[in-house]
Amino acid sequence: MSAIPEIALEKCTGCGDCVEKCPTKAVELVRDKAIMVRPEDCNYCTDCEAFCPSGAIKCPFEIILTKLEPQS
Amino acid sequence: MSSRADFLRSLPYFATLGAEEIKRMEKDLLECSFGKGELLFLEDEPCQGLYAVRSGQIRIFKSSSEGREQVLLIAKPGDTFNDVPVFDGGPNPASASALEPSTVCIVPKETVLSLVADCPSALTIIRLFAARLRHLTLLVEDLSFHHVVSRLAKTLLELAVVEGGPSPVPRLTQDEMAAMVGTIRDVISRALRALEKAGAIRIEGRRILVVDPEKLRGMI
């Protein structure tokens, strides 16, 4: 399953900013709460996190050291 | 000018010392004069001791590899400096030069440390504080001389761990990265793209893969 933003529903105010900004329309308001209704469409662009006024959406990145060569 | 003993007693470091201890400090004290622009010591050199300005003004500064300078302190008569390496045992964290003809007193490191020799726990606490102060001095250097891409490269190198290894993989939002690097989220987003374009990292969904640590190191 691809990565999707983490939404703290208790912090979500249902303002809909994330729905408006999501470039792939992966998020919608369901009963006044932001829900990833199409997680497969989410490209983890983090726009929803950037625009969420209540800090309910988090897009953490894992920082991984890989031994892969850049081109491999 | 007051006597050396009076001068020592006027310094906050030694204000509470008794006559015997002041006498011991005075015995080991070195007094040196420097002309305008003359260097007292360089960053990363071994520490000689605690410096106190008797007259003149001393500039304490960090230098970048490109020759830029960040002044940390202009020490005036009665000010002390270079205390961090006295207590944490490391090299001088910054350089010092005279802004005008100046005279400084140097209390050797061993003499300063002898004041707390009979209280090892106090020395441990002072050492910890000194190490933290050194860390903050390095942070000033980072913020002054390195641009955001370079600071982010350094942070990612410090944080990145191999998956499945003994340390948990760190998870950071772009806001958290911005707070660590001393910038704002939008700038982090652009800096990440710059590092990816350079081939040092690859972003796959929620994973930032450090694919070329050497390249990343070269960007610091």
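To find a chain, count down the sequence lines: A is the first, B the second, and so on, and within it residues start at 1. Only this structure's heavy atoms are used, side chains among them; waters, hydrogens and symmetry mates stay out.
Note on Val169(B), Leu159(B), Asp186(B), Thr173(B): by heavy-atom pairs under 4.5 Å with chain A, the leading option is Thr173(B).
Contacts between residues 44-55 of chain A and chain B, defined by a heavy-atom separation under 4.5 Å, are made by Tyr44(A), Thr46(A), Glu49(A), Ala50(A).
Glu158(B) CD to Ile63(A) CD1: the interatomic distance, rounded to the nearest 0.5 Å, is 11.0 Å. Taking OG1 of Thr66(A) as the start and CG of Asp212(B) as the end, the distance is 10.5 Å to the nearest 0.5 Å.
Only the side chain of Pro213(B) comes within contact range of chain A, with at least one heavy atom under 4.5 Å from a heavy atom of that chain. Proximity to chain A (any heavy atom under 4.5 Å) is restricted, for Arg185(B), to the side chain, taken from C-beta onward. Of the two parts of Ile203(B), only the side chain, counted from C-beta on, holds a non-hydrogen atom closer than 4.5 Å to a non-hydrogen atom of chain A.
Of all heavy-atom pairs between Arg171(B) and Pro60(A), the closest is NH2-CG, 3.3 Å. In plain terms, the two heavy atoms of Phe61(A) and Arg207(B) that are nearest each other are CD2-N, 4.3 Å.
For Lys25(A), the NZ atom sits in a packed shell: over 12 heavy atoms of surrounding residues, nucleotides or ligands are nearer than 6.0 Å. Taking a 6.0 Å sphere around CD of Glu196(B), one finds it holds more than 12 heavy atoms contributed by other residues, nucleotides or ligands.
Contact of the Glu176(B) side chain with the Lys58(A) side chain is not registered, since no non-hydrogen atoms from C-beta on lie closer than 4.5 Å.
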